[in-house]
Amino acid sequence: MLRTHDSPELNACLVDRKVTVAGWVDRRRDHGGLIFIDVRDRAGLVQVVFNPEINPDCHKLAGDLRCEFVVQVSGTVSLRPQGTQNAKLATGEIEIIADSLKILNTSETPPFYINEDSEVDENLRLKYRYLDMRRPRVRDIIMLRHQVVRFIRNYFDELSFVEVETPILGKSTPEGARDYLVPSRVHSGKFYALPQSPQQMKQLLMVGGLEKYYQIAKCFRDEDTRADRQPEFTQLDVEMSFVTEEDVMSITEEMFIRMMRQMHPGKRFPSPFPRITYSEAMERYGSDKPDLRFDMHLGDVSHIVAHTEFGVFKNTVESGGKVKAIALPGCAAYSRQELAKLTELAQGYGAKGLLSMSLTRECSCLDGLTMEMVKSVAAKYLNLEQVKQIAIKTGALPGDLIVFVADKEPVVANALGKLRQEMGLRLKLADSDLFAFVWVTDFPLLEWDKDLDRWHAMHHPFTSPLENEIPLLDIEPARAGSRAYDIVLNGYEVGGGSIRIHQAWLQRKIFQVMKYTEAEIDERFGHLLEAFSFGAPPHGGIALGIDRLVMLLSGASNIREVIPFPKNQNAVDMLFNAPAPATREQLNELHIQLRDE
RNA sequence: GGCCCCGUGGUGUAGCGGUCUAACAUGCCACCCUGUCACGGUGGAGAUCACGGGUUCGAAUCCCGUCGGGGUCGCCA
């Protein structure tokens, strides 16, 4: 090694010992006589002092040092003189009196500060990611991610799970996201697909008798990115045989609880995790991944307003729609302009419009409310009793603004659910010390796809229907429930899973309901159906998004922060400039001809 | 594909129709400095104000378009 100690090992116990450290020049303080250099390694800083009276040549050389030069310094550990200790530094009690310096490498002036935690254009950070990760903030996240993955491996290893690697080059599946395709050189005109998840593979491992499998698996989906979505991401993939929902959920929950205790002792979290059904979640929060760090629930006021003379409400309810509302705490005094912004927001989420009603803060509770305190264009159609009922339904108090959306139920839920999430964050209602885990259960099995005019699986087509609702598949597929469950944290879906189908006849039936022809079923899923015919055990599992989880654990604002080499919004790798054109030779070999466009 | 926000020395910002021959901080370069730790002091270099067009007597500033970045809707089994 080019060093005898890492910076955290240096302390007062080593006084008078000769040590060698190596690292980067974090900062220099050149006093003309004395030169102070902070040497940074992976774990911290240590101050090195160059004194011309100790070694004039060495002091002279130190004058050439600049930020990010790579150095090897030997010297004597020394207690700092009285009054010059630095409590901000782990090594602040001591310093190294240098008697030799070797410049291992020089450095250009970095394009942004490495020794300061300042905001830098993300584009630039990504282009120079290798410099960015010298900064403690980025490095700490990489370390945290390592700890999370190590924790997961230890946890599942203790429970006798087997880590199995599954292939990256696989077969395209018709369901789900767009695939990344890899052309085959050997087979002209044929393509591999990168896995969107190792779903079928892990089910086959169950058929293969592994019983308990997990993997830290790379997954690929060629869809547009978001702040919490990358084209390439990492899942903790888990599958178990001879289990029920309860088994998978409790093993997952126990993992989270232990992980939270170990890594985030300062945060509170519910134990056991609460559970709500999909329909409760949609009804109360307008989302299947509700952020339970704050309440602000949707109130169904349809029956209250159905018989008023207010046209929008009345007509909506009469034609089978719903009128729902949420209360924005303390927003009663919103200006016309602010209300217009809110409406715009709601319209962006699919609502036709947004009706508001403010309850002015002239009394402390609903008992004292009078119609004079109710400001709304709908006020003249409502009586005091109706207003109070609306307030109770939404949890509104004087001083709050109640906003209504009237439309078909899914539109209302989506618009108000998104509005709830956005306004909850804007109004800082979310308790930042809370990790609000919640299980969402009882998902419907199928969802109607109006574009393709057919049913598709809400979770994925391998999810088992509730056993006693299998007959519904023939009569009323929409009502069939599934054995799927999602784990949600602070409004993010961090994982989802299900008990799978393990019988060929049932799997075939699901594909039939989804309007696949027999030929398509055999071509696409024949391997799976055949596997199920050889004594496939009942099985189920879950997949957790590692990136999203680390993002939430670290408090990062987007997923790129927790990925060492992420892609930007346009799925471009700014460091390597990928994707890039292929040469004519490469394309020829792959039997690919580009279309002129 | 739609909508919203952003683009000014290396970096981060200010300026939002004339005072801009573009300001401030930091970084960079030179010199001075033996107890600093975001060291200090003096001096210096460094910007076709993303790009193209338009409005105007006059544009970093207003308008349109393009490009780049971010957020979001659709999309993401």
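Note on naming: letters A, B, ... go to the chains in the order of the sequence lines (proteins, then strands), and numbering restarts at 1 for each one. Just the heavy atoms: all of them, side chains too, but no hydrogens, waters or symmetry mates, feed the values below.
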Task: Pairwise 5' ranking along RNA chain B for A:R80 and A:R221, keeping only the more 5' one - done: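 Final value for this comparison: A:R80.
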Task: A:N51 vs A:L126, nearer the 5' end of RNA chain B by closest nucleotide - done: A:N51
Side chain of [X], base of [N]: donor and acceptor closer than 3.5 Å?
X      : N     : result
A:Y113 : B:U26 : yes
A:D224 : B:G74 : yes
A:R226 : B:G74 : yes

[X] near the nucleic acid: base, sugar-phosphate alone, or nothing, with a heavy-atom cut-off under 4.0 Å?
X      : value
A:P111 : sugar-phosphate
A:R125 : nothing
A:L45  : nothing
A:T463 : nothing
A:D121 : sugar-phosphate
A:S118 : nothing
A:N568 : sugar-phosphate
A:Q85  : base

Task: Whole-Å gap separating C1' (B:G70) and CD1 (A:I559) - done: 16 Å
Open item on the list: Would A:H31 count as stacking on B:U36 if stacking means ring centres less than 5.5 angstrom apart and planes tilted under 30 degrees?
Closed with: no
Open item on the list: Over 60° means perpendicular and under 30° means parallel, so tell me whether A:F511 and A:F525 are parallel, tilted or perpendicular.
Closed with: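 Aromatic pair A:F511/A:F525 classed parallel.
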TODO: Count the heavy atoms belonging to other residues, nucleotides or ligands that lie under 6.0 Å from CZ of A:R454, then report whether that count exceeds 12.
DONE: yes
Open item on the list: Is any side-chain heavy atom of A:I510 closer than 4.5 Å to one of A:L445?
Closed with: yes
